[in-house]
Amino acid sequence: AGTSVVTTEDGRPSLTRVGAITEQISELRRSAVEVILVSSGAVGMGKRLLGKHTRMGMSFAELHKEENSKDDCAMQDSYHDAYGIGRSMSTGSFRSLLLSQEPTHTEKKKHYDSACAAAGQFEMMNLYNSLFNQVDVTASQILVTQADFSDEKRLENLSYAVERLLSLGIVPIINENDAVSANLGYTADDVFSDNDSLAALCARSFGAEVLLLLTDVEGVFDSSPKENKNAKLLPVYQQGKDSVLIGAKSKGGRGGMSSKIDAATAAVAPGTNCSACVVASGSDLNSIRGVLGRDSKFKSPGTLFATPGSDLEKQAIADLASGCLSVESVSEEARNKAVAARAEARKLCAMPFEVRKNILNTIADALLDRKEELMAENAIDVEAAEKNGVANVLRTRLKLTEAKLATLAAGLRHIASKPDPLGVVKSRRELSDGLELSQVTVSIGVLMIIFESRPDSMPQISALALASGNGLLLKGGKEASHSNAAIHGVIGDAIEKGSEGQIKRDIVALITSRAEVADMLNLDDVIDLVVPRGSNALVSYIKANSRIPVLGHADGVCHVYIDKSAAAEDASKVVLDAKTDYPSACNAMETLLLHQYTVGNGVASNILMALRAAGVKCVGGPSAMKMGLCDVAAKELKCEYGDLTCLVETVKDIEEAIDWIHKYGSGHTESIVCSDESGAGEEFLQRVDAACVFKNASTRFSDGFRFGLGAEVGIATGRIHARGPVGVEGLLTTKYQLRSRGVNYVAEYAGDTPQKTYTHKEIS
């Protein structure tokens, strides 16, 4: 933090900015991040103190000086006259000698800065100590000079002191000892010449991974933003390529943007742990959080310097070239697109249902007509995923096939064939004679769907959103970027064609910026519902960090329970389908529960043989291992494998099976296999608490298309609004409409003798 950040223009400490710095450092410390603070400002604060004390004594000193100067002149004249010594002789002896030894202006400046530093260091550390105490952080001051870095032994001692302080959770505050060094006339050969180069030297010497340089502007611009209103911020500084016109330095410091560029370049030079340096605004009170914090909702513009040739630099340059890295944050992009999507959605809701049907059928046709184009773009993503070692589960979800596209098209046509879901009257009630209340279905507004490696989910989600009159924001994973862009283009063309230009493609927007998902999860004023589709980690993160309501599930730990009444052939068919039809799907079986009776009658062995013949790895629970059903014990009893692996466990009865499911299940889909005559089936259906509960059916039936919904935006395991596969109805809400014959007002119904009375009659 330089002088322009920690002090105001008149040299006073900026309590707001310094307070924000200490607060953000305390947050990093609580996250177990080791922090070194390199701070200037002592000279600036000291100048104010010395100036204050000079002014306090000025009136008496100046008066005394003026009186003495008159007497001195008179005495000097008498002395010369009495002894016959000329003025020139006097001047040429003592006075000229004194004048010849008087320091130059530059030397006076150095001495003055030394005094300022001595006075200001105490005030600066007093301030830091007070503020850090407020957030329960201990700080320690270390004053350094060039000799401390150029002398090997002194550097060794300094490094030990810093490491020891960090190990104890103490924040070292490092500053140049200007009282000794006196702001020497630095050259390019000096070890450091200002706070920026000192910070870079500390980063390299003490093994820091990241350096953050705070300044009085948002980062490095191509020209001075204070002198040129059209100056552009450089998100990434490319050494040897970017040209920067340097403006004037700040009033209080001796560095400037030129020194920051030099310092940042030196900090990330090959050969040290410091791989990244960011130049950001110290006036932004969240800049440290935005750059170094874990909460990505704080976004601060800045300029990144990365080690030349590193993966970080390559990725940053690639993002910059593709337009993904821009000054406009992903939240700004999402906000603008959400507003546009809402506007188009409101237009669509006001149009006849035929317009929505035409759009859906046009999209279905386009998916098949342009399938070669879609599959060619998808092949690029699949090839890249294989090269990058993407998990097999994700690669399976990523791949598009003709069969998948045909299923998608059929689902869209099914949705289009259903009645209009909007404006459906859910209830009617007469409140009073001539006053009728209706509850009708309406769209939710703007939905945001975040999905990983599932390009086939985009047409499904788009169709459901359009059918229900919702605007839509889509954020796909980078591993499917080519597929997503191609499908989005097809859908956009079909929307405009199917509506004959009445609805713009803006109603379905694709967010392409590479940024943290958390950046969009704060837009609760323009986005109404988030539906995550992807890994357990993605869904759990969104649920934990979103300010927007979330619809979805975090786990797909589905069970199949084999009752003692089940036939071996029937049980094997259901279990095999549930596990092997699509192992990476969220509705695939992950745990097989066997009634202990099936171990003795051969049903269990038949099922396990069928699974192993299909390539399924069976790991055992505690009881299954004791009975010798499996060779390898399960590492955990609740796991969504997403591949050809499943947990096998035995239970003594249906009671124990249900208890197991409630303890280790995720509330997604649970199934029982039993004889048609057994009462266990109905008991299981009634007692198991899950979104979907089946009898003698594979868990793979838990799907919007198979349920006759046409498609689904996801499977919800929550208990509010929607549960299970979410189709069009899950994307609706309601509003009340009150119709009055004549005029009604509440005062007519009040008082001891009301003019009107409530009837509250239900109307069929």
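Not measured: the values here are computed from a predicted model.
- The two residues A200 and A267 make their nearest non-hydrogen contact at CB-CB, 3.9 Å.
- Residue N522 comes nearest to R547 through the heavy atom pair OD1-CD, 3.3 Å, listed as atom of the first residue, atom of the second, then distance.
- Within a 6.0 Å radius of CD in E209, no more than 12 heavy atoms belonging to other residues, nucleotides or ligands are found.
- For the atom pair L158 CG and K153 NZ, the distance stands at 13.0 Å (nearest 0.5 Å).
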Derivation of the side-chain contact (heavy atoms from CB on, under 4.5 Å) call for N177 and D148: CA-CA 11 Å; N177 191 352; D148 297 316; over 6 Å; no

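- Looking only at side-chain heavy atoms (C-beta outward), I450 and L521 come within less than 4.5 Å of each other.
- Residue L312 comes nearest to S275 through the heavy atom pair CD2-O, 3.9 Å, listed as atom of the first residue, atom of the second, then distance.
- When side chains are defined from C-beta on, T307 does not count as touching T272, because their heavy atoms never get closer than 4.5 Å.
- Test L198, L155, V38 against V144 for side-chain contact (heavy atoms from CB on, under 4.5 Å) and you get one pass: L198.
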Check against side-chain contact (heavy atoms from CB on, under 4.5 Å), I25 and L37: CA-CA 9 Å; I25 288 177; L37 173 61; 4.2 Å; yes

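- A distance of 10.0 Å separates CD in E479 from CG in N388, rounded to the nearest 0.5 Å.
- A distance of 10.5 Å separates OG1 of T303 from CG of L213, quoted to the nearest 0.5 Å.
- For the side-chain contact (heavy atoms from CB on, under 4.5 Å) with R17, the lone residue among L214, T22, L285, D284 that qualifies is L285.
- With sequence neighbours excluded, the residues satisfying salt bridge (charged side-chain N to carboxylate O under 4.0 Å, His left out) with E23 are R289.
- Using a 4.5 Å heavy-atom cutoff, the side chains of R154 and T145 are in contact.
- Atom CD1 of I261 is separated from atom OG1 of T265 by 7.0 Å, given to the nearest 0.5 angstrom.
- For the pair L165 and I142, the minimum side-chain heavy-atom distance is below 4.5 Å.
- Of the possible polar contacts, none joining the R29 side chain to the D136 backbone as a donor-acceptor pair under 3.5 Å is found.
- Of the possible donor and acceptor atoms, one in the side chain of S281 sits under 3.5 Å from a partner among the backbone N and O of S283.
- We find the CZ-CG distance between F221 and L234 to be 8.5 Å, quoted to the nearest 0.5 Å.
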Residue pair E27, V135: steps toward the side-chain contact (heavy atoms from CB on, under 4.5 Å) verdict: CA-CA 9 Å; E27 293 173 5; V135 290; over 6 Å; no

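- Here D196 contributes atom CG and K260 contributes atom NZ; the two are 3.5 Å apart, rounded to the nearest 0.5 Å.
- Other residues, nucleotides and ligands contribute only 12 or fewer heavy atoms inside 6.0 Å of the NZ atom of K232.
- Relative orientation of the F149 and F206 rings is tilted, given thresholds of 30° and 60° on the angle between their planes.
- A 4.5 Å side-chain heavy-atom check between I173 and F132 finds at least one atom pair inside the cut-off.
- Residues L233 and G219 come closest through the heavy atom pair CD1-CA, 3.7 Å.
- Taking each heavy atom of A276 and L304 in turn, the nearest pair found is CB-CD1, 4.1 Å.
- Checking side-chain atoms of S167 against main-chain N and O of R164 turns up a donor-acceptor pair under 3.5 Å.
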Take M125 and N175, measure what side-chain contact (heavy atoms from CB on, under 4.5 Å) needs, and give me the verdict at the end. CA-CA 10 Å; M125 281 309 300; N175 189 213; over 6 Å; no

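- Between M124 and Y128 there is a side-chain heavy-atom pair separated by less than 4.5 Å.
- A heavy-atom distance below 4.5 Å is found between the side chains of S481 and D381.
- Using a 4.5 Å heavy-atom cutoff, the side chains of V236 and E313 are not in contact.
- Minimum heavy-atom separation, C277 to V268: N-CG1, 3.6 Å.
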